Amino acid sequence: MQITVVVATGGTIAGSAARADDAVGYTAGVLDAGALLAAVPPLAGLPIEAETLARLDSRDMDHATWAALARRLRALQARPEVGAVVVTHGTDTLEETAYFLHRTLRADKPVVLTAAMRPATALSPDGPRNLFDAVTLARTPGVRGVVAVLGGQVLAGAELRKLHGWRVDAFSAGDAGPLAWVEDGGVRVLRDWPRGEALREDLPDLDPAHWPVVDLVTSHAGARGAVIDALVAAGAQGIVIAGTGNGSVHRQLREAAARAEAHGVRVWRASRCLAGGVVGAPAGELPSAGSLTPAQARVALMLELVPPGRAGSAGLV
Ligand code: ASP
């Protein structure tokens with residue numbers, strides 16, 4: 001019988017508030033993995049291991065935790081008796097962690113992320129149901145890749161994004177749509193499971209202090225090129241500009257980006273719109289991040305700037 005391992009990293013799903021009617025004033029990451037599972041009675045008796053890797057409010061997610069998480073998940077995936085891993089996480093940086101894991105883990109055993117918008121102490125918490133759905137999905141034959149499940153909606157790790165600040169129905173995969181739905185203990189599959197892409201299994205082994213420095217800048221009315229100049233002076237090796245519309249960038253930032261590129265800094269443009277990404281690559285424009293959100297594009301550029309790793313570590317799985 002295959003084991004599912006639940007790895008807790010913190011977030012609102014593990015959050016605690018002083019009052020049950022308080023869904024926004026709470027402390028994230030209070031509960032450990034065992035306590036999260038104890039709140040889901042239907043999971044009792046299933047072959048599930050629980051461990052707590054971190055108790056972070058995911059707004060404070062950092063590269064050291066990402067490295068530790070990817071290495072731990074890789075070790076769990078390597079255990080033959082482990083069928084899948086579920087990761088509980090905060091919603092704020094879920095899209096970044098999901099994309100990071102999508103690019104650094106093999107896809108043959110699923111990693112199912114889940115989270116919650118209301119703390120565990122809320123009158124009507126969404127975490128227990130989401131954890132139940134995540135374990136249900138993890139135990140479903142044929143699932144692969146890094147995926148997330150929230151509100152029954154199964155989204156690809158490379159596609160999900162947080163669209164709303166506090167409502168329970170806060171996530172979407174933009175134009176790509178969901179991969180599947182978890183419905184009352186069953187899974188309705190709509191699209192193929194992720195196959196993994198351009199793996200950089202070597203990044204988690206690199207000391208996070210040596211990960212490429214990539215920063216994010218937003219284009220807006222009145223934008224100042226001095227922001228990009230300051231980042232270059234502070235050691236940025238890459239910069240992603242969250243552009244307006246279809247990745248358009250303010251003239252001041254375009255001029256500063258040209259100065260940055262002349263210093264060897266890679267500059268990409270993404271879109272600050274909530275869906276659609278950037279299409280087209282007109283001559284003379286900065287390279288586009290395609291369908292990635294600006295925060296995911298930051299991870300992608302960081303991965304691209306890592307020097308070539310161990311032989312055979314990059315490729316499609
Ligand atoms: N700040 C919280 C976190 O990301 C929000 C949440 O989990 O919903 O950890």
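Sequence positions, counted from 1, serve as the residue numbers for this chain. Numbering of ligands and ligand atoms starts at 1, following listing order. Just so we're clear, the structure is a prediction, and the values are computed from it rather than from any experiment.
- Within the structure, the salt bridge (charged side-chain N to carboxylate O under 4.0 Å, His left out) test picks out no pair touching residues 272-294 (sequence neighbours left out).
- Distances below 4.0 Å separate heavy atoms of A116 from the following atoms of ligand 1: 6 (C), 7 (O), 8 (O).
- Listed by chain and number, the hydrophobic cluster partners of V232 are V217, V227, I228, L231, I239, I241, V249, L253, V265, V267, L286, where partners are ILVMFWY side chains within reach of under 4.5 Å, directly or through others.
- The residue from D126, T12, T88, L56 that puts a heavy atom closest to atom 2 (C) of ligand 1 is T12.
- Taking a 4.0 Å cut-off on heavy atoms, G15 fails to register as neighbouring ligand 1.
- Backbone and side-chain nitrogen or oxygen atoms of D57 are examined, and one is located within less than 3.5 angstrom of a nitrogen or oxygen of ligand 1.
- In this structure, E96 does not pair ionically with K162, as no charged nitrogen and carboxylate oxygen lie closer than 4.0 Å.
- Neither side chain, T9 nor H89, offers a donor N or O lying under 3.5 Å from an acceptor on the other.
- When the options S58, A28, A115 are ranked by their closest heavy atom to atom 9 (O) of ligand 1, first place goes to S58.
- Listed by number with element, the atoms of ligand 1 under 4.0 angstrom from any heavy atom of G90 are 3 (C), 4 (O), 7 (O), 9 (O).
- The proximity of Y26 to ligand 1, defined as any non-hydrogen pair under 4.0 Å, is limited to the side chain.
- Note: R19 CZ to Y26 OH = 14.5 Å, rounded to the nearest 0.5 Å.
- For the residue pair E95 / T293, a side-chain donor-acceptor distance below 3.5 Å is found, with atom types taken as modelled.
- Between T93 and ligand 1, no N or O atom pair is found at a separation short of 3.5 Å.
- Residue-to-ligand polar distances place T91 within reach of ligand 1: an N/O pair is separated by less than 3.5 Å.
- Taking the six-membered ring where tryptophan is involved, the planes of W66 and H63 are essentially parallel, since the angle between them stays under 30° and well short of 60°.
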